[in-house]
Amino acid sequence: MFKKTATALLLTACVSQAHAAEKLTLMLDWYVNPDHAPIMVAEQIGAFKAEGLDVKIVPPSDPSLPPRLVAAKQADLAITYQPQLHFFADEGLPLVRVGTLINTPLNTVITLDPKVKSPAELKGKTIGFSVSGIEQATLNTMLAHDGVSGKEVKLVNVNFQLTSALLTHKVDAVIGGYRNIEALEMKMQGANPVVFNVEDYGVPAYDELIIVANRDEVNDPRIKKFLDALKKGSDYLHAHPEESWKAFAAAHPELNTDFNHQAWMASLPLFARNPAKLDKARYDAYEKFLFDNKLIKKITPVDSYAVDPE
């Protein structure tokens, strides 16, 4: 009789918890990949459920849509990029950074020429890029850091074919390759890339991947619960990287490749250990960088587009 009663109580509790779980929709910036590891691990270990959340993780059909869906209140949270957030603020979109997934730039300048020891030594060479405006400003800043003008290199749009353009020697270097993706791809293809991190050459450091909410919803208690669960996911990931990878690979067999395994491990030091923490000075500095390069029309106060939910 006792066993039946205990079982009935347990089932009732589980049903009640399921009913009590608050739904939350998270739009990713792209298809599921190792950059999302802390989110995937939080899901693996039941951290979202432990916070009373039923999180729906949605890869976008169009990577430009997630932040705009949040702005239109058609999704609760979205993964996007800090540089993009500044543009959204300049446009007046009601988006606010509430958390950080990757708190270091991933952008780099990569060459296969071992004689090149700094970006300045790319003077007179051809550099491939994919995104006009911000990448040109970034490259110009890196060159100017060592006394070279952006006019002293030739820029070629390679239409997101950064790795192949460099490996086939169509360009001498590329800007826009991620240090945990393209640089790794080249190594796995037998190349020996020389990698220059943008923040080492005059470009203000920034958060690569962030989590945004609608300005009207920044005090929604679900956001803090989500971030608390995300921190648990990040902590578990760092403590059990290989175990977490195996669980991820089992859940996403189409991604179970040697490249993704290596990218998973290479990304570990890049993830924010405290996703809620906000470095306001970093956002101020990057806002000024974009304004000085005439990429935004005005300086917007950080408090209007970035908060620390804690």
Say whether [X] and [Y] are linked into one hydrophobic cluster, either directly or through other cluster members, by side-chain heavy-atom distances under 4.5 angstrom.
X: L69; Y: V96; answer: no
X: V198; Y: Y81; answer: no
X: Y286; Y: Y178; answer: no
X: W245; Y: I39; answer: yes
X: F88; Y: F291; answer: no

* Asked: Does the side-chain contact (heavy atoms from CB on, under 4.5 Å) test come out yes or no for N256 and H261, once each step is laid out?
  -> CA-CA 7 Å; N256 186 9; H261 186 194; 6.0 Å; no
* To do: Anything under 30° is parallel, anything over 60° is perpendicular, the rest tilted; go ahead and classify Y305 against Y283.
  => tilted
* Asked: L139 and L155: side-chain contact (heavy atoms from CB on, under 4.5 Å), yes or no, with the steps?
  -> CA-CA 10 Å; L139 179 61; L155 285 173; 3.4 Å; yes
Measure across [X] and [Y] and return the closest heavy-atom pair with its distance rounded to 0.1 Å.
X: H252; Y: M40; value: NE2-SD, 4.1 Å
X: A213; Y: I223; value: CB-CD1, 3.8 Å
X: H36; Y: W30; value: CE1-O, 3.8 Å
X: L95; Y: L85; value: O-CD1, 4.1 Å
X: D62; Y: P66; value: O-CD, 3.4 Å
X: P275; Y: L230; value: CB-CD2, 3.7 Å

[X] side chain to [Y] main-chain N or O, any donor-acceptor pair under 3.5 Å?
X: E199; Y: A205; value: no
X: D29; Y: T80; value: no
X: S234; Y: P38; value: no
X: S149; Y: K151; value: yes
X: H86; Y: P83; value: no
X: N180; Y: A263; value: no
X: N260; Y: L255; value: yes
X: N107; Y: G176; value: yes
X: S267; Y: D35; value: no
X: D279; Y: R282; value: yes

Taking the side chain as C-beta and beyond, is there a heavy-atom pair between [X] and [Y] under 4.5 Å?
X: F48; Y: E43; value: yes
X: L167; Y: E185; value: no
X: F129; Y: V174; value: no
X: P119; Y: V148; value: no
X: L227; Y: P309; value: yes
X: V58; Y: M27; value: yes
X: T141; Y: F289; value: yes
X: W264; Y: S244; value: yes

Between [Y] and [X], do the side chains contain a donor N or O and an acceptor N or O under 3.5 Å apart?
X: D220; Y: N214; result: no
X: Y236; Y: Q44; result: no
X: N140; Y: Q136; result: no

* When V98 is tested against each of I210, D308, L77, V212 for side chain to side chain contact (heavy atoms under 4.5 Å, CB included), which residue passes? -> L77
* Asked: Among L143, T138, L122, V116, whose side chain to side chain contact (heavy atoms under 4.5 Å, CB included) with V109 holds?
  -> L122
Could you grab the distance from atom [atom1] of [X] to atom [atom2] of [Y], nearest 0.5 Å is fine?
X: N159; Y: S164; atom1: CG; atom2: OG; answer: 10.0 Å
X: I127; Y: D172; atom1: CD1; atom2: CG; answer: 8.0 Å
X: T100; Y: I79; atom1: OG1; atom2: CD1; answer: 9.5 Å
X: K297; Y: L290; atom1: NZ; atom2: CG; answer: 12.5 Å
X: E242; Y: K246; atom1: CD; atom2: NZ; answer: 5.0 Å
X: L295; Y: E287; atom1: CG; atom2: CD; answer: 11.0 Å

Between [X] and [Y], does at least one N-O distance fall below 4.0 Å, as a salt bridge requires?
X: K288; Y: D284; answer: no
X: D228; Y: K232; answer: no
X: R179; Y: E208; answer: no

* Run the numbers on K73 and D216 for side-chain contact (heavy atoms from CB on, under 4.5 Å), then give the verdict. => CA-CA 9 Å; K73 298 186 178 181; D216 293 342; 2.8 Å; yes
* **Sole candidate of K23, K56, R222 that passes side chain to side chain donor-acceptor pair (under 3.5 Å) when paired with D76** => R222
Would you mind writing out the side-chain donor-acceptor pairs for residues 186-196 within the sub-3.5 Å range, not counting sequence neighbours?
none

* Which pairs pass ring-ring contact (aromatic ring centres under 6.0 Å, His included) with one or both residues in residues 130-150, sequence neighbours excluded? -> H145-Y201
* Quick check: are there more than 12 heavy atoms from other residues, nucleotides or ligands sitting under 6.0 Å from NZ of K298? -> yes
* **side-chain contact (heavy atoms from CB on, under 4.5 Å) assessment of S130 paired with L162** => CA-CA 8 Å; S130 298; L162 297 171; 3.6 Å; yes
